[in-house]
Amino acid sequence: MMSCGTACSCSLQMQFQQRSSSARQKKLPAAASPAASRICSSIPEHDEEEEDSALLALLRAHDTDAAFALFSSNPDLLPCSPTTASRLLAQLSFNSSFSRAALVLQRLRARNALSLLDANALSLAAAAAARSGNATLAHSLILYMLRQGLFPDRRAYTATVARLSPASPRKAVRLFDAVLRHLRDRGELEVPLSCLPDTAAFNAALNACADAGDCSRFRQLWLEMQEQGCAPDSVSYNIFIKMCARLGRKDLLPRVLHSMLSLAGVAPCATTFHSLVAAYVGFGDIATAETIVQAMREGRKDISSLLLLRDADVSTTTTQEATVDQSAALLDDILLLVKSTGNQDQEVHPNLLLPQAYPPNARVYTTLMKGYMNAARIHDVLATLRAMRREAQTTTFPASRPDHVTYTAVISALVAAGDVDRARAVLDGEMAADGVPANRVTYNVLLKGYCHNLQMAKARELFATMLETNNIEPDVVTYNTLMDGCVLTDDTQGALALFNEMRSRGIAPSTVSYTTLMKAFAAAGQPKTAHKVFHQMQSDPTRVKVDRAAWNMLIEAYCRVGQLETAKQVVFELVPAHGR
DNA sequence: TTAGGGTTAG
């Protein structure tokens with residue numbers, strides 16, 4: 001665990017801090033740096049020292065709140081010693097809301113004083129930034145540390161890679177690579193143990209590769225982690241399943257489970273089966289997903305051989321699928337490698353059993369429901385809900401009790417099937433009876449149902465219930481949905497009013513909000529107003545991305561009223577912007 | 001510290 005800087009009892013941490021401060025000294029002698037002299041000239045010297053020691057005293061007394069109060073009450077106050085600055089940031093990052101730590105960083109940066117911070121404080125800040133959802137800041141902090149020759153703690157870069165991955169998986173992979181390179185370049189003896197990657201760190205990077213669809217890097221990392229003594233665990237294998245799913249390698253799924261059981265000796269976890277069900281659902285193979293869920297309900301331990309046998313049956317009866325992408329073929333290699341590095345004495349058992357039973361939980365069932373929904377099998381969605389409630393009541397599998405996500409999935413399926421009344425009945429009926437509260441997403445789905453059914457009065461009534469009776473704050477999706485409802489009912493002014501209401505609530509419009517508002521004006525035959533909205537989107541301070549749909553909407557607005565020349569001009573404007 | 005169910009446009 002990273003030290004918060006308050007105790008420093010761990011000798012390794014001490015060693016680490018000493019090393020990093022000597023590195024800093026080499027780079028930036030505090031007295032000679034122009035930044036430092038500027039800071040010193042802005043405040044009388046004795047005051048600065050006094051304030052610094054007052055701050056340090058509070059921090060040493062573990063009164064982080066008081067220290068922050070002192071810091072924030074005086075905008076000119078800047079900790080001038082590395083100890084105070086690092087300690088302030090470390091303690092705020094460790095046990096306070098991140099916005100406080102961010103303020104300290106902001107002020108230090110504005111005064112060019114980031115070099116006061118030691119590796120421990122920067123690592124804690126990066127981890128806190130990642131935890132609070134600020135992936136960009138966490139990313140910059142880790143890169144800054146690398147540039148300064150400091151070693152980020154593994155928890156810091158693991159959290160950062162994980163937080164970057166969903167939106168920018170390639171960036172996440174690059175960051176992890178940069179960290180590995182940095183560690184390698186410094187030689188192992190110098191690197192503090194807490195900075196070396198562990199299985200969790202590699203898992204975060206593997207997951208980023210899976211998100212990026214980067215099979216070849218995935219394979220390298222899989223090998224590299226083992227070279228570094230980090231054995232893949234069940235999470236690694238779950239990510240492997242996800243990678244197979246992304247690359248269309250349905251054929252590998254039974255082999256992954258088999259390899260983990262027989263050759264690597266890794267016990268699956270509940271999520272392994274969830275991942276498998278999700279993968280099969282993604283392939284549209286509901287029958288196999290059902291087989292797994294049914295086997296889980298029966299408490300069977302032979303799921304691995306069940307899948308292998310099923311796979312063998314299917315291969316003989318169906319023609320081979322389209323040729324496998326070359327990079328995806330690398331995954332075969334990994335399974336072979338598992339074989340060669342695994343326990344050679346252990347016999348490959350065709351009827352390998354799971355170490356325990358894995359009863360299905362609400363997540364597994366909800367994933368199966370998604371499969372039914374995709375196949376428009378609404379009766380099976382409802383049957384699954386009934387089965388879950390029955391199972392939970394008979395207490396065989398309390399984990400299968402439907403929760404708010406399950407109910408939202410059911411309501412979503414009913415809405416997709418065009419049955420809003422039934423969807424509403426689930427909200428007021430089963431959901432209420434089970435004491436499962438609806439959340440914003442549930443309401444958003446139902447609102448979409450009413451809007452698509454052109455029942456705007458009902459939509460507005462539900463919107464009011466959501467806000468007033470249940471105190472659920474709307475979000476940008478809520479407003480986009482309602483605005484779209486207005487467009488569908490030719491209510492241009494209504495759409496505009498909602499757009500403004502959203503902004504007055506402090507909710508930032510998204511690209512979809514702008515496009516929907518443009519759609520309203522386009523439908524009303526007002527291309528110029530649509531164009532104004534487009535300009536607003538381009539100059540939005542929250543920097544929404546003007547995407548293809550927005551350009552298309554603008555072109556359509558002019559085409560609708562027969563202004564083809566203006567539409568052409570827009571196209572010419574678009575062409576250089578998109579390089580076509 | 002990593003995986004894994006539910007929502008918005010064109």
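All values below come from the heavy atoms of this structure, side chains included, with hydrogens, waters and symmetry mates left out. The chains referred to below are lettered A, B, ... by the order of the sequence lines, with proteins before strands, and numbering in each begins at 1.
Distances were taken from every side-chain heavy atom of A:Ala549 (C-beta onward) to each of B:dA9, B:dT8, B:dG5; the shortest belongs to B:dA9. The side chain of A:Val235 sits closest to B:dA3 out of B:dG4, B:dT7, B:dA3. Residue A:Thr515 has its side chain nearest to B:dA9 when only B:dG5, B:dA3, B:dA9 are considered. Among the nucleotides B:dT1, B:dG5, B:dA9, the one closest to the side chain of A:Ala200 is B:dT1. Among the nucleotides B:dA9, B:dT2, B:dG6, the one closest to the side chain of A:His404 is B:dG6. Of the candidate nucleotides B:dG6, B:dT2, B:dA3, B:dA3 has the atom lying nearest to any side-chain atom of A:Asn238. When each of B:dG6, B:dT8, B:dT1 is scored by its nearest atom to the side-chain atoms of A:Asn480, the top-ranked nucleotide is B:dT8.
In this structure, CE of A:Met518 is placed 16 Å from P of B:dA9, rounded to the nearest angstrom. Between the CG atom of A:Leu517 and the P atom of B:dA9 there is a distance of 15 Å, given to the nearest Å. For the pair A:Leu221 CG and B:dT2 C1', the interatomic distance rounds to 13 Å; values are reported in whole Å. Straight-line distance from the CG atom of A:Asn444 to the P atom of B:dG6: 15 Å, rounded to whole Å. Computed from coordinates, the A:Met243 CE to B:dT2 C1' distance equals 16 Å when rounded to whole Å. A:Arg246 places its CZ atom 7 Å from the P atom of B:dG4, with the value rounded to the nearest Å. Between the CG atom of A:Asp475 and the C1' atom of B:dT8 there is a distance of 9 Å, rounded to whole Å. A:Ile507 places its CD1 atom 13 Å from the C1' atom of B:dT8, with the value rounded to the nearest Å.
Separation of atoms CZ (A:Arg219) and CG (A:Asp214) is listed at 12.5 Å; rounding is to 0.5 Å.
Among the protein residues, A:Asp403 comes within range of the nucleic acid bases, having at least one heavy atom under 4.0 Å from a base atom. Using a 4.0 Å heavy-atom criterion, one finds that A:Thr406 contacts the bases of the nucleic acid, with or without backbone contacts as well. A:Asn207 comes within 4.0 angstrom of sugar-phosphate atoms only, judged by non-hydrogen atoms across all strands, and of no base. Counting non-hydrogen atoms under 4.0 angstrom, A:Ala205 reaches nothing in the nucleic acid. Within the 4.0 angstrom heavy-atom criterion, base atoms lie near A:Thr271.
Residue pairs meeting the salt bridge (charged side-chain N to carboxylate O under 4.0 Å, His left out) criterion with at least one partner in residues 225-244 of chain A, sequence neighbours excluded, are A:Asp211-A:Lys242. Listed by first then second residue, pairs satisfying salt bridge (charged side-chain N to carboxylate O under 4.0 Å, His left out) with a partner in residues 364-389 of chain A read A:Glu290-A:Arg377, A:Arg377-A:Asp380, A:Arg389-A:Asp434, not counting sequence neighbours. Each salt bridge (charged side-chain N to carboxylate O under 4.0 Å, His left out) pair with one or both residues in residues 549-558 of chain A, not counting sequence neighbours, appears once here: A:Glu556-A:Arg560.
Under 4.0 angstrom from either OP1 or OP2 of B:dT1 there lies at least one side-chain N or O belonging to A:Arg131. For A:Ser412, a side-chain nitrogen or oxygen approaches OP1 or OP2 of B:dT7 to under 4.0 Å. Between A:Lys448 and the phosphate of B:dT7, there is no side-chain N or O to OP1/OP2 separation shorter than 4.0 Å.
Using a 4.0 Å cutoff on non-hydrogen atoms, the parts of residues 426-441 of chain A near DNA chain B are A:Asn439, A:Val441, ordered by number. For residues 369-380 of chain A, proximity to DNA chain B is found at A:Lys370, defined as any non-hydrogen atom under 4.0 angstrom from a strand atom.
Using cut-offs of 30° and 60° for the angle between ring planes, the A:Tyr358 and A:Phe273 rings count as tilted.
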Please table the atom pairs, donor to acceptor, closer than 3.5 Å between any side-chain atom in residues 446-462 of chain A and protein atoms at least two apart or in another chain.
residue	atom	partner	partner atom	Å
A:Tyr450	OH	A:Arg424	NH1	3.2
A:Asn453	ND2	A:Gln455	OE1	3.3

Listed pairs under 3.5 Å, donor-acceptor, residues 167-176 of chain A side chains, sequence neighbours left out:
residue	atom	partner	partner atom	Å
A:Arg170	NH2	A:Ala212	O	3.1

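Taking the charged nitrogens against the carboxylate oxygens, A:Arg297 and A:Glu391 do have a contact shorter than 4.0 Å, which makes a salt bridge.
Ring to ring, A:Phe202 and A:Trp222 are not that close: their centroids are 6.0 angstrom or more apart.
Under the salt bridge (Lys or Arg N to Asp or Glu O under 4.0 Å) criterion, A:Asp285 pairs with A:Lys250, sequence neighbours left out. Shown here are the side-chain contact (heavy atoms from CB on, under 4.5 Å) partners of A:Cys559, two or more places apart in sequence or in another chain: A:Ile555, A:Leu564, A:Ala567.
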